[in-house]
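This is a predicted model, so every value here is computed, not measured. Naming convention: chains lettered A, B, ... in sequence-line order (proteins, then strands); numbering from 1 in each chain.
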Protein chains: 2
Amino acid sequence: MNWQKQLSDLGFRVSAPRKRVMAVLESAQQPLTPLELHQTLLRDHKAIGLASVYRTLGLLSALGIVEVVYRSKGEMGYMAAAQGHHHHILCQECQRAVEFSGLEDLSELIDHVENQTHYQVRDHLLQLYGLCPECQSKHADEKE
Amino acid sequence: MNWQKQLSDLGFRVSAPRKRVMAVLESAQQPLTPLELHQTLLRDHKAIGLASVYRTLGLLSALGIVEVVYRSKGEMGYMAAAQGHHHHILCQECQRAVEFSGLEDLSELIDHVENQTHYQVRDHLLQLYGLCPECQSKHADEKE
DNA sequence: AATCTTATTGATAATTAATTTCAATAAACA
DNA sequence: TGTTTATTGAAATTAATTATCAATAAGATT
Ligand SMILES: [Mn+2]
Ligand SMILES: [Mn+2]
Ligand SMILES: [Zn+2]
Ligand SMILES: [Zn+2]
């Protein structure tokens, strides 16, 4: 189900500002902060009110249509949410982020931690950081 | 090596405000925001300037003496850093957090993701969320 | 297609969080 | 005990987020 149908089925309107926010997120290669998203729309002559950027991100992330990704120094960025259980890996050099799938990913670890701590695990936050293929090449070049 | 020696070896001073910040973090059961930490010091008649709270957390986290933990709704809290490679599990009810050790924790997953995405993994962020033993009991009580 | 209803928007104000500035203070050391 | 200077506290500044409210437009109803 696409996000527009999802919105309207829940009684929310598919407004022009919401379309613009989703258009940016769907073509972005990296998580964007609300301010960056707003700047992008300005630059593309698709400006909307800054308050609407915050409102839209708030609504769409509450519905799971967009999701929060923590960037290297702790800033929260937003990305269009991919399908199914997944996590993100971010490039520390160019900030480009891609998803990787993860269903059975942590089950052993979780069992171990539940026994060790006696906490009951209900959710998790997992992100990987490193270098994307392109930035690996650049690093190799510099060392020649 | 304790944090005071670590600081002075690097030429930083072991000041009263820094001692107060560490005293709070070392006795806290949960990650605290800068504002919460400042409030705590106020309540205990150990007040220091708010700017000093920010400055101290900035310095000590840059040195690895304190560390950032993401709380449930995305706020960043600070905790005294434990020794060695570890992660945290947080209670979604009472916010209490404990460490669990993790050295070999993600090696398989990381191999898999490196092959799948061609990213080179250099770091990771992992936190678990759930219910601490005490809050599990309370939940069980309510359902009787 | 015109009209109605009301969710949503944009502009601005208000709030909250974080950083900067700088004279006064107090750690560390001789 | 005196000297040096990193650090502090208070206030000002900047940045980020939220609230307010009249104007607008999305979607439903004729
Ligand atoms: Mn997972
Ligand atoms: Mn680990
Ligand atoms: Zn890259
Ligand atoms: Zn608990």
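For the pair Glu114(A) (side chain) and Val121(A) (backbone), a donor-acceptor distance under 3.5 Å is present. Side-chain atoms of Gln127(A) come within 3.5 Å of backbone atoms of Tyr70(A) as a donor-acceptor pair (strictly under, hydrogens ignored).
Side-chain contact check for Tyr129(B) versus Leu125(A): some heavy-atom pair is nearer than 4.5 Å. The shortest side-chain heavy-atom distance between Leu109(B) and His124(B) does not fall under the 4.5 Å cut-off. Between Leu59(B) and Phe12(B), the closest side-chain pair of non-hydrogen atoms falls below 4.5 Å. Taking 4.5 Å as the limit, every side-chain heavy atom of Thr56(A) sits out of range of all side-chain heavy atoms of Val66(A).
Here Arg55(B) contributes atom CZ and Leu50(B) contributes atom CG; the two are 9.5 Å apart, rounded to the nearest 0.5 Å. Separating the NE2 atom in His87(B) from the CG atom in Leu126(B) is a distance of 5.0 Å, to the nearest 0.5 Å. Put simply, CG on Asp105(B) and NE2 on His86(B) are 11.5 Å apart, with the number rounded to the nearest 0.5 Å. To the nearest 0.5 Å, the span separating CZ on Arg18(B) from CD1 on Ile65(B) amounts to 9.5 Å.
When rounded to the nearest whole Å, the span between CG of Leu37(A) and C1' of dT17(D) equals 15 Å. Straight-line distance from the CG atom of Asp9(A) to the P atom of dA28(D): 11 Å, rounded to whole Å. Here the P atom of nucleotide dA25(D) and the CZ atom of Arg13(A) are 12 Å apart, to the nearest Å. Spacing between atom CG of Leu41(B) and atom C1' of dT8(D) amounts to 14 Å, rounded to whole angstrom units. One interatomic measurement links the two molecules: NE2 of His38(A) to C1' of dT17(D), which rounds to 13 Å at whole-angstrom precision. In this structure, Phe12(A) atom CZ and dA28(D) atom C1' are separated by 18 Å, rounded to whole Å. Atom NZ in Lys19(B) sits roughly 13 Å away from atom P in dA26(C) (whole-Å rounding). Protein atom CZ of Arg20(B) is 13 Å distant from nucleotide atom C1' of dG9(D), rounded to whole Å.
In this structure, the helix from dA1(C)-dT30(D) to dA30(C)-dT1(D) shows an angle of 50° between the axis at its start and the axis at its end, each fitted on 5 base pairs and rounded to 10°.
Scanning residues 63-77 of chain A for heavy-atom distances under 4.0 Å to DNA chain D yields an empty list.
The environment of CD in Gln4(A) is crowded: more than 12 heavy-atom neighbours from other residues, nucleotides or ligands sit within 6.0 Å.
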Could you go through nucleotides 9-19 of chain C and list every protein N or O atom that sits under 3.5 Å from one of its N or O atoms, giving the distance for each pair?
from    : atom 1 : to       : atom 2 : distance (Å)
dT9(C)  : OP1    : Ser15(A) : OG     : 2.7
dG10(C) : OP2    : Gly49(A) : N      : 3.0
dG10(C) : OP2    : Ser52(A) : OG     : 2.7
dG10(C) : N7     : Arg55(A) : NH2    : 2.6
dG10(C) : O6     : Arg55(A) : NH1    : 3.2
dA18(C) : OP2    : Tyr54(B) : OH     : 2.4
dA18(C) : O5'    : Tyr54(B) : OH     : 3.4

